[in-house]
Amino acid sequence: MLFAKKNKSGGMDMKALRLLDKKPVKYVTERDGETFRETKVGDEGAINVSDTEFTVVCGGVNAIRCALTEVIAAELMNKSGLTIKGKDLDTGKMRSVIAYYSDGVVSADRKR
């Protein structure tokens with residue numbers, strides 16, 4: 001689709017966002033806009049897409065939760081993860097995180 005109409009936001013369309021539902025995530029990071037340091041937000045989680053929300057959950061805690069109609073998500077160039085931008089419904093702040101895909105099944109309990 002060389003000349004297909006592009007999404008104005010530059011992110012994925014609704015159909016592509018819905019396909020990410022239940023996709024396992026290895027970890028999620030967030031870059032601080034002032035210090036440019038990257039911090040890990042969570043490990044071992046999944047992307048959840050409902051009728052109204054786009055959420056990344058790690059360890060039972062929301063890494064980011066945005067309204068589905070307002071989230072901007074785009075895959076990384078190497079297809080190893082996803083950049084997610086939007087107003088976090090939990091904090092009320094604009095956030096940008098990167099969720100790195102897991103290569104397998106996410107386990108809630110693992111032996112060390």
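Computed over heavy atoms, backbone and side chain alike; hydrogens, waters and symmetry mates excluded. FYI, the numbering just counts along the sequence from 1. None of the values given here were measured: they were computed from a predicted structure.
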same_hphob_cluster(Leu17, Val25) at 4.5 Å side-chain heavy-atom cutoff: yes
Cation-aromatic face contact Lys40/Tyr27, 6.0 Å, 45 degrees: yes
Asn48 to Asp21 - nearest heavy-atom pair and separation: CA-OD1, 3.4 Å
Smallest separation among heavy atoms of Cys58 and Asp43, with atom names: CB-O, 3.4 Å
Can you tell me how far the CG atom of Leu68 sits from the CE atom of Met14, to the nearest 0.5 Å? 4.5 Å
Between atom CD1 of Ile64 and atom OG of Ser96, what is the distance when rounded to the nearest 0.5 Å? 7.5 Å
Could you give me the CA-CA distance, side-chain angles and deciding distance for Arg18 and Asp51, then say whether side chain to side chain contact (heavy atoms under 4.5 Å, CB included) is met? CA-CA 9 Å; Arg18 290 191 188 281; Asp51 290 337; 4.2 Å; yes
Side chain Arg31, main chain Glu38, donor-acceptor under 3.5 Å: no
Euclidean distance, Ile84 CD1 relative to Ile72 CD1, rounded to 0.5 Å: 12.0 Å
Who pairs with Asn78 by side chain to side chain donor-acceptor pair (under 3.5 Å), at least two apart in sequence or on another chain? Ser80
Interatomic distance, Tyr100 atom OH to Leu76 atom CG [nearest 0.5 angstrom]: 6.0 Å
In terms of heavy-atom contacts, Glu75 and Tyr101 come closest through OE2-OH, 2.9 Å
How close do Leu89 and Ala67 get, heavy atom to heavy atom, and via which atoms? CD1-N, 3.8 Å
Tell me which one of Asp90, Thr91, Asp88, Thr55 satisfies side chain to side chain donor-acceptor pair (under 3.5 Å) with Asn62. Asp90
Of all the heavy-atom pairs spanning Val28 and Val97, show the shortest one and how long it is. CG1-CB, 3.9 Å
Measure the spacing between CE of Met94 and CD of Glu70 and express it to the nearest 0.5 Å. 8.5 Å
For residues Val49 and Leu20, report the shortest heavy-atom separation together with the two atoms involved. CG2-C, 4.5 Å
Verify side chain to side chain contact (heavy atoms under 4.5 Å, CB included) between Ile47 and Phe54, making sure each step is shown before the conclusion. CA-CA 7 Å; Ile47 298 169; Phe54 185 94; 3.6 Å; yes
Hey, what do you get for NZ (Lys26) to CD (Glu44), rounding to the nearest 0.5 Å? 10.0 Å
Show, in sequence, the C-alpha distance, side-chain angles and deciding distance for Met12 and Leu19, and conclude whether the side chain to side chain contact (heavy atoms under 4.5 Å, CB included) test is met. CA-CA 10 Å; Met12 297 175 146; Leu19 289 175; over 6 Å; no
Test your reading of the model: is there a side-chain donor-acceptor pair from Arg95 to the backbone of Cys66, 3.5 Å cut-off? no
